[in-house]
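Below: the structure, in structure tokens.
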There are 8 protein chains.
Amino acid sequence: MNKADLTKLLQAVRSGTIDVKSALDRLKNLPFEDIAYAHIDHHRHLRHGMPEVIYCEGKTLEQIVGITKRMLKAGSDVLATRANETVYRAIKKADCRAVYHKASRAIVVKHKEEKLTQGIVLVLTAGTSDIPVAEEAAVTAEMLGSAVQTVYDVGVAGIHRVLSKRDLLDAARVIIVAAGMDGALPSVVGGLVDKPVIAVPTSVGYGAGFQGLAPLLTMLNSCAAGIAVMNIDNGFGAGVLAHRINLLGEK
Amino acid sequence: MNKADLTKLLQAVRSGTIDVKSALDRLKNLPFEDIAYAHIDHHRHLRHGMPEVIYCEGKTLEQIVGITKRMLKAGSDVLATRANETVYRAIKKADCRAVYHKASRAIVVKHKEEKLTQGIVLVLTAGTSDIPVAEEAAVTAEMLGSAVQTVYDVGVAGIHRVLSKRDLLDAARVIIVAAGMDGALPSVVGGLVDKPVIAVPTSVGYGAGFQGLAPLLTMLNSCAAGIAVMNIDNGFGAGVLAHRINLLGEK
Amino acid sequence: MNKADLTKLLQAVRSGTIDVKSALDRLKNLPFEDIAYAHIDHHRHLRHGMPEVIYCEGKTLEQIVGITKRMLKAGSDVLATRANETVYRAIKKADCRAVYHKASRAIVVKHKEEKLTQGIVLVLTAGTSDIPVAEEAAVTAEMLGSAVQTVYDVGVAGIHRVLSKRDLLDAARVIIVAAGMDGALPSVVGGLVDKPVIAVPTSVGYGAGFQGLAPLLTMLNSCAAGIAVMNIDNGFGAGVLAHRINLLGEK
Amino acid sequence: MNKADLTKLLQAVRSGTIDVKSALDRLKNLPFEDIAYAHIDHHRHLRHGMPEVIYCEGKTLEQIVGITKRMLKAGSDVLATRANETVYRAIKKADCRAVYHKASRAIVVKHKEEKLTQGIVLVLTAGTSDIPVAEEAAVTAEMLGSAVQTVYDVGVAGIHRVLSKRDLLDAARVIIVAAGMDGALPSVVGGLVDKPVIAVPTSVGYGAGFQGLAPLLTMLNSCAAGIAVMNIDNGFGAGVLAHRINLLGEK
Amino acid sequence: MNKADLTKLLQAVRSGTIDVKSALDRLKNLPFEDIAYAHIDHHRHLRHGMPEVIYCEGKTLEQIVGITKRMLKAGSDVLATRANETVYRAIKKADCRAVYHKASRAIVVKHKEEKLTQGIVLVLTAGTSDIPVAEEAAVTAEMLGSAVQTVYDVGVAGIHRVLSKRDLLDAARVIIVAAGMDGALPSVVGGLVDKPVIAVPTSVGYGAGFQGLAPLLTMLNSCAAGIAVMNIDNGFGAGVLAHRINLLGEK
Amino acid sequence: MNKADLTKLLQAVRSGTIDVKSALDRLKNLPFEDIAYAHIDHHRHLRHGMPEVIYCEGKTLEQIVGITKRMLKAGSDVLATRANETVYRAIKKADCRAVYHKASRAIVVKHKEEKLTQGIVLVLTAGTSDIPVAEEAAVTAEMLGSAVQTVYDVGVAGIHRVLSKRDLLDAARVIIVAAGMDGALPSVVGGLVDKPVIAVPTSVGYGAGFQGLAPLLTMLNSCAAGIAVMNIDNGFGAGVLAHRINLLGEK
Amino acid sequence: MNKADLTKLLQAVRSGTIDVKSALDRLKNLPFEDIAYAHIDHHRHLRHGMPEVIYCEGKTLEQIVGITKRMLKAGSDVLATRANETVYRAIKKADCRAVYHKASRAIVVKHKEEKLTQGIVLVLTAGTSDIPVAEEAAVTAEMLGSAVQTVYDVGVAGIHRVLSKRDLLDAARVIIVAAGMDGALPSVVGGLVDKPVIAVPTSVGYGAGFQGLAPLLTMLNSCAAGIAVMNIDNGFGAGVLAHRINLLGEK
Amino acid sequence: MNKADLTKLLQAVRSGTIDVKSALDRLKNLPFEDIAYAHIDHHRHLRHGMPEVIYCEGKTLEQIVGITKRMLKAGSDVLATRANETVYRAIKKADCRAVYHKASRAIVVKHKEEKLTQGIVLVLTAGTSDIPVAEEAAVTAEMLGSAVQTVYDVGVAGIHRVLSKRDLLDAARVIIVAAGMDGALPSVVGGLVDKPVIAVPTSVGYGAGFQGLAPLLTMLNSCAAGIAVMNIDNGFGAGVLAHRINLLGEK
């Protein structure tokens, strides 16, 4: 319920088209749907620029499919993250347009294909093992409408690899960098460009990597100014932020 | 052995009904039962307002069933938490009144149904994945005698959802809020009401959520004053505390 | 702005006493005061059962005095925590009714003395060094209207000390336990009573006490069910929660 | 040395205007200045969109002043962060245009005032004590050329305060939220808007706040998607990122 | 090679019974056996009062059996800890005297039964789930020659349980206390007795118990003076220390 | 009140020498003294083998002196730890027998000198900087009645130093080892002897020593079996434990 | 592309043999191969003294085999670490020269055997369970060309074991020490020799060993000066560093 | 006492030049000096390649001067680290050759100047604030006899700075890299060279830098193989290791 709706409601109250008690009810009857195990936020696109997204871990199959159906029925596109093949088959059954992105474990159901942005979201990884997180970012940004380009395995131990991608760095509007282990790549990239850089630590590594804590701290302490840091393995969040920033440069 | 018992014993000593050595033995013979692997605290209800509860993890099936039988025989109701289906089947065999609450993994055996409180314990969750912890709280409070109401998936990323529940917040006597990830919901709820709020961090999340450490710290540092914090995933403790507080308002 | 106010406003809109645009403004014009460095929440007492409290650390003297004056002018009582003598002198100058509680570093300014509750908030400490935290809890609860009783230095290394206070434990409606080092006292107290117990870890200790982390973890993992845990050294929060619980038993 | 420079150099080599050895030297002779204790990166503005910034902690007064002078001489504006009054007086002596922002401890020396952006960077804080960090962000963004607006002390314990700022949230192009203690404000703001949100945890709080770790984790685990997180107290980084994002929407 | 051996060797050198080079070799040829994957310390009993013990985790079955055989052949008794049934069957095959203690996962092979000490090692647990750790301590101490007595499930939430064991506490020469969760029992026991108390934190618990970190910190910070703390779940170490202390009081 | 006292009381009740209510009072009237800020445990020596000890940090000068006076009046010896010169002067004024041990910051007041044990407590340090902690252990053990010997700066980086002390290691009944940095000395000592070894980590070190956490973990994970570990810098606790163990071997 | 190549290219540009645009392309066309999921750094041997190594965890079988084939084709030897039997069989199929080192889980494919160094890399372990990490170090150093010698299970709890290896310690040029639990062995070894010592903490241990954190901290805080520390379980890195150091002493 | 000494001693025993008891004493009388608060290891140079070094923190002025005098008297050079001006003045008084290196807080007293190595130890820092740690490394390596070269402030946010030092990187025999904040520089350097790289994390940074923990983890997890990591701020250790490695390449 946005400002326009509120004005209209108040005018209806004034003109007597609607009585006070009903208005009161309407003011409480906000645009979400209560299905016992979830309050689906159908209003989120208006307010937040994107639909609710289904994070599958910790939810039962029934809950995931139930939420998916309600969202599709309400006209919303669906993005389900951290989904395994079983979840995919169940959603596919509910809507045959469902697409499974295996590397990123994401499921996308779109009502129609839209035109992508002019601006490019460039997604880099330091290593091959960081690809699943990078793909989650790429799938998310693309599902929201951004043009995405990916370059993988250009970590700092072979610094010439990323330096050779100067053209792509220059062409992009916003850059996502996924890295595990030492998490040093965003600092180097951040020092090379004048555009927003989003760093995603991954849980790739072992021992004192502490499941991604090491690259997370590296990125938070980056000596390159203004790096945006996401939670460990949070490719989804990076995709959302990149898309929002990317949109600002359109038209 | 409470104060009355002690007075009575001392009077019996005085009147010579009981000799000194026997009295000494009685003073040692406190009201618990030693079955080698457990000292069942039959006295706990008197002292503590509720029976001992069986936390199943780390106990063998034999131990769980053994303790259950002794408690039932001693007239106590039984609550077994963190129980799987195997445990349930074994207890069901021992007493057919056993009920299994699947979402919360709790087993309840009651000798008779009692009237619930007038006051309501309201249980909220931030997300769908927090439901198991919330259900453990709900089952516990209800088993102890409290009327319970639940509202799930009203986290702060869609703040209008919890704001729309104002009536329920106002109607409850005590509120439990279970939340993982950022654990921010208790701070918002705590700022909206003038009644006790109990916050339960859940292990829902990933990466820098550190299995519930993140929402635990959030709740301990809540800018809303006086939030009671429980251990991660400790729905049981929240249910106990809520019931105790709830009882204070009865009659 | 509560439900009654909203109903009244809508009726005024209906009757034409107020036009739509003005109503819209009123709906936005919520009861706080913006003084650049603070949004003083004058409405908090209505909604939250107590006035805003001034946490002094990190605020300049000017800010503290400025907020105090606005609150007093708006008719609110004032509680300022973590205040040093300099702050006290400045507030005293602004309002001579100001009282400084040295042990707890709290300042209280009350417009008039109110009658205290029948129910008693009992505040225990494990050691002498925990007294400042306990006093913060006591001052807070009393300032809000609760009758408070204190018993200090009854930690578990001399278990007979707390056992000898059985009468006080039985007489209280809610119990606050402040403890540093091993933080074991709340577990013992929690096992002795059937009423709400609030545990406050203190930063008393050294080495692997990690400035209060040790007793915090002890309390979160208490084997006595349903202990409410507060942040380290958060006597203030314990006082607020205790008072809210205490109020439920009045009348 | 950008692509154009490299092309020109190669053409000079081809035409014989420059010999191979000299070209080789030029390729090594990159645009920084070595003054023993620092390699000042005069090239940074071209490559990175902003000049090098002087982080004062851990540097001697001589070093700070030395770097400042070289930068000014090279035509660069200067931003020195975490500077105390002594540093300010020394820089003021070197260049009387120096301005000290006391709350944020930042020094700015600008060669000339430039026109600010149309787009607005909105800076919010949860509490009064978070203002120094917010001010560092504001000073930084403004020094780089962004129009900045600030709203302080609108934390979630009084949720109506931030809800009442809906107009400002809607009007801004990018939002910075600084919060200590529970760090919950960015999650609420992030759920209300469809634009980039930058969260800065502050070290405000005590006990289990662990000098800003608690709000840092809260923000990394935000249930609102796509929040950009900065290091604890890193207002500077937030200002840089906000400005870069803001620039994308200009023209 | 002890002092007596060294004296003898030097005298042999002097008397010419042994030449210098051979003596040199002997001085190097210390009493352990190198079997490629292990240097079995046959000398340990002399020096250390007990044979080497086989910690099974991280060792292959072949390695465990190989070491066992060498030790038995050298006349040493064998204690293998953290052993599963497969290991037991393999050792049983090598020596039919092998006994498997299931609760503690320990295997014992003794050449002959020896008389136990007069002094008693008393082993307590706070809960039923702590029994495996307590049993490891009990098996170890007994295998080394101590008389052992066990009392389980007497945690502080029912303080009367441990208080009722006063006689056993008084009768023991040294006391081991195993506790998980809040780890508070050793503090209470330590305050009741004037003899050495050994505290073993267990990994029993969940959430902020952090796999035994919580009770470990509790015990290190015990307000009862002089508690000896062991590693988490280290029943074996507790058994060794208890036996050594116990031996001091014999005769 | 021990068993004998209880028997006597019950007999008095039986014989009518004392009435029931008085007996009840006596049972509550346990042997400690309540002086508002402390419950002095005069009974502790009987129960615990040593008087209460005053840990000075976090206590006011008034509190320390007050407790000291009460203890001395009740005939108890006094040990005050972590005391500075100011505290010493105040106690000295109260009782001129007070002795200040500067290196360990401990104050001792004894009513009369007692004969020390035959058995020796040997106190080792790895480095010179560990001496204050070692001295606290030495002063404590000696004050309680143990003969103490000290050997300092024999850490493992010069392994021959500790190996050369073989005679002292053999002559002692119990050994305390204080070590900071890598904390490796107790493992070496523990492997050389067959007697109880008490390890005290010190906060000596820097960086990843984390104020004593590194040596604490080293000692808890010692590959020498049965090392007793104390809190960081807890020389006092080590002295108490050593004395208790030492006593077992007397006569 | 090294300095010689660059000079040659520039000369070709000068002489007109190559036009500017092609030279520009060549400067970008650096010596790695992009196969979508990896940028194989064929140049690494020249620059870095060794080929890229395949860390198998987090990579799919297809990716591992794909990278292996490209490397072999480019003439490089292959080392794949953390590889299971399935990976081995797949690589064996691709090249029958593949050798699987089971204990260390490493796969080596060499084009031809080379002569090993004169200098010896000595690899020690504290216990038997540390062997897999030590073997990874040994296999790596040997694959790169170093002569390697191993001595296992000589931890400090039996200090005479390592002291008896004095000859080997003296004969080696560089020493690797792998140790879990207390991680004390490198400190002792480091104090005995005047050559580089590389310490590798292993995840061997339990409880407060925290998966290798304890020995890692021990090694970082070693009282023996100049110990080189590697990540937990990083035998590979130790092998690389040892080989590089070893090479310096050749010829 | 090395092997030659031992052989000689045994021969003396054989020839009767020395009796058995005296020989026994000699074997115990190892080459250190016991001055109560320290066991000075005069033998260390022989065994360890360098004299003992005095770490000043936690030592009294008397102790530092005492140890210094004994070492000088025994003919050893002296290096005292973490020394303030007061310590310097006291040592200067004892020996006027003392030199104070202010940036690194190190004091050096040399008996005579020796020729430096041919091989160069190159010391890099990421920033200006890392210089004190780098200087400690440089002073240490030089004092031991290595030729040292320093290049400061070449961190990865301006990657061209370190790339431009290619000549120096190529010319050095071993490289030390000191870096705080993100600690990324060693990974880049490690990928550029084929020689040993020693990484020293510094405590430079704030917030989630956690006093050097962040760069420490970065370096331990470096994606460049074989980086040697030191404790936080341990420039001294880096200098020792670098010198030892450097020596291997001499002649």
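From a predicted model like this one, the values you see are computed outputs, not experimental measurements. Labels below follow one simple rule: chain letters A, B, ... track the order of the sequence lines, proteins then strands, and each chain is numbered from 1.
Your options are G127(G), G183(G), S222(G), and the one with the most heavy-atom pairs under 4.5 Å with chain F is S222(G).
Residues that satisfy the salt bridge (Lys or Arg N to Asp or Glu O under 4.0 Å) test with D153(G), not counting sequence neighbours, are R161(G). S146(G) is linked by a side chain to side chain donor-acceptor pair (under 3.5 Å) to H243(G), N246(G), counting only residues two or more places apart in sequence or in another chain. Under the salt bridge (Lys or Arg N to Asp or Glu O under 4.0 Å) criterion, E136(G) pairs with R82(G), sequence neighbours left out.
Other residues, nucleotides and ligands contribute more than 12 heavy atoms inside 6.0 Å of the CD atom of Q63(G).
Shown here for A208(G) and L217(F), the closest heavy-atom pair between the two residues is O-CD2, 3.6 Å. Nearest heavy-atom pair, V156(F) versus C223(G), reported as atom, atom and distance to 0.1 Å: CG2-SG, 3.9 Å.
The part of Y206(G) that comes within reach of chain F is its backbone (N, CA, C, O), which places non-hydrogen atoms under 4.5 angstrom from that chain.
Distance check: L213(G) CG to L213(F) CG gives 7.0 Å after rounding to the nearest 0.5 Å. Between the CD1 atom of I159(F) and the CD1 atom of I159(G) there is a distance of 4.0 Å, given to the nearest 0.5 Å. Atom CE of residue M181(G) and atom CG of residue L220(F) lie 11.0 Å apart, to the nearest 0.5 angstrom.
Residues of residues 113-125 of chain G placed with any heavy atom under 4.5 Å of a heavy atom in chain F are absent; none qualify.
A donor-acceptor pair under 3.5 Å is absent between the side-chain atoms of D182(G) and the main chain of A184(F), judged by distance alone.
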